[in-house]
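What follows is one structure encoded as structure tokens, with my remarks underneath.
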Amino acid sequence: MTVPGIRVGTRGSALALTQTTTVAERVADLAGLPYELVRVRTEGDILKGSLSQIGGTGVFVAALRDALLEERCDVAVHSLKDLPTLPAPGLTVASVPEREDVRDALCARDGLTLATLPDGARVGTGSPRRAAQLRAARPGLEVVDIRGNVDTRLGRVAGLVPGAPGDLDAVVLAAAGLRRLGRDDAITELVDTDVMLPAPGQGALAVECRESEATPGMREALAAYDHLPTRLAVTAERAVLLQLEAGCAAPIGALARLQGDELALEAVVCSLDGRAILRRTRSAPATDAVGAAQLGLELAEELLAAGAADIAPLKG
């Protein structure tokens, strides 16, 4: 008798396949089941243009969710920062594994850092959040909107990839993705969170399944794989986005850290040009997701009371 395996949905990019394979191997091991990867092409892989123009990072998620609901796969793995803040009917995030590095990484020519890039240097990013904080930290830089996978973006940096365009002085990418791909060598600076707060959920993965999932051992394996400190942190961060009614591509950063029994949360709201920035912190006891979400909602209300809606495009 053939034992049914776990069908794990994934995008087809090198980063997605690397992330998904790591998750699939661990979940399959915990469940005592074999696994297979199911590649799903998403709208974000097909459409061109900036993320803000094509609907934000949620365009990477919808097709995977459809595959789950249509039972073409049993679980799907997402970069958590791509996941819309509202849950999908019939689905649940059953596991949030331990988080990787939350920081953004500068990958620059000639080993340059954010401080040593000359005025006029061209720095690429596809993120309004990164662009705004770059402009705030270094007003003299020229920020260029870019798309593409990790290798394509690194190829835009002068001298970094032989034979590539090399038309930029630097790009900014998530450190977690570079590390998962073994591309630490391209990082010239891990940007301090005091300078650039990450996107809510950055560095974390989400393992989603059907609420009705009943494969023996599957739900138990996903629960065992869940990392509570990471889940609490990303729950608080994403609650900020939800309460601000901001899309995944909005110029908003948030980072929560569990410090003993306290969850410390920091968030920033920026104008697109980086000239106006609101940054606030708040902490509270948080031992469950309800408390973490409440902390995020309260910090978002504090930002709104301070004028966040006046400086940033929040409806999304």
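Ion pair D151/R153 not flagged as a salt bridge, since none of the NZ, NE, NH1 or NH2 atoms sits closer than 4.0 Å to an Asp/Glu carboxylate oxygen. Between R72 and E36 no salt bridge is recorded (no basic side-chain N to carboxylate O distance below 4.0 Å). For E266 and R279, the salt-bridge test passes: some basic side-chain N is under 4.0 Å from an acidic carboxylate O. Classification of R129 and D104 as a salt-bridged pair holds, one side-chain N sitting under 4.0 Å from a carboxylate O. Checked for salt-bridge contact, R138 and D119 meet the test: a charged N lies under 4.0 Å from a carboxylate O. A salt bridge between E142 and R122 is present, with a side-chain N of the basic residue lying under 4.0 Å from a carboxylate O of the acidic one.
The backbone N or O of L242 sits nowhere less than 3.5 Å from a side-chain atom of T85 that would complete a donor-acceptor pair. Side-chain atoms of R99 come within 3.5 Å of backbone atoms of Q202 as a donor-acceptor pair (strictly under, hydrogens ignored). Judged by distance alone, with hydrogens and angles left aside, the side-chain atoms of T21 form no donor-acceptor pair with the main-chain N or O of T18 at under 3.5 Å. The backbone N or O of L114 lies less than 3.5 Å from a partner atom in the side chain of E189, making a donor-acceptor pair. A distance-only check finds no donor-acceptor pair linking the side chain of E208 to the backbone of V93 [under 3.5 Å]. Between the S79 side chain and the D82 main chain, no donor and acceptor come within less than 3.5 Å of each other. In this structure, the side chain of R135 engages the main chain of L272 through a donor-acceptor pair within 3.5 Å. At distances below 3.5 Å, not a single donor-acceptor pair connects side-chain atoms of D169 with backbone N or O atoms of V123.
From H78, atom NE2 reaches atom OG1 of T20 across 9.5 Å, with rounding to the nearest 0.5 Å. How far CZ of R231 is from CG of D288: 12.0 Å, rounded to the nearest 0.5 Å. The distance from atom CG of L265 to atom CD of E237, rounded to the nearest 0.5 Å, is 7.0 Å. In this structure, R219 CZ and R210 CZ are separated by 10.5 Å, a value rounded to the nearest 0.5 Å.
Contact of the I187 side chain with the L178 side chain is registered, since non-hydrogen atoms from C-beta on lie closer than 4.5 Å.
Residues satisfying the side chain to side chain donor-acceptor pair (under 3.5 Å) test with S271, not counting sequence neighbours, are D273.
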Distance-only check: which donor-acceptor pairs under 3.5 Å involve side-chain atoms of residues 301-311, not counting sequence neighbours?
from : atom 1 : to   : atom 2 : distance (Å)
E301 : OE2    : Q243 : NE2    : 2.4
E302 : OE1    : R282 : NE     : 3.3
E302 : OE1    : R282 : NH2    : 2.9

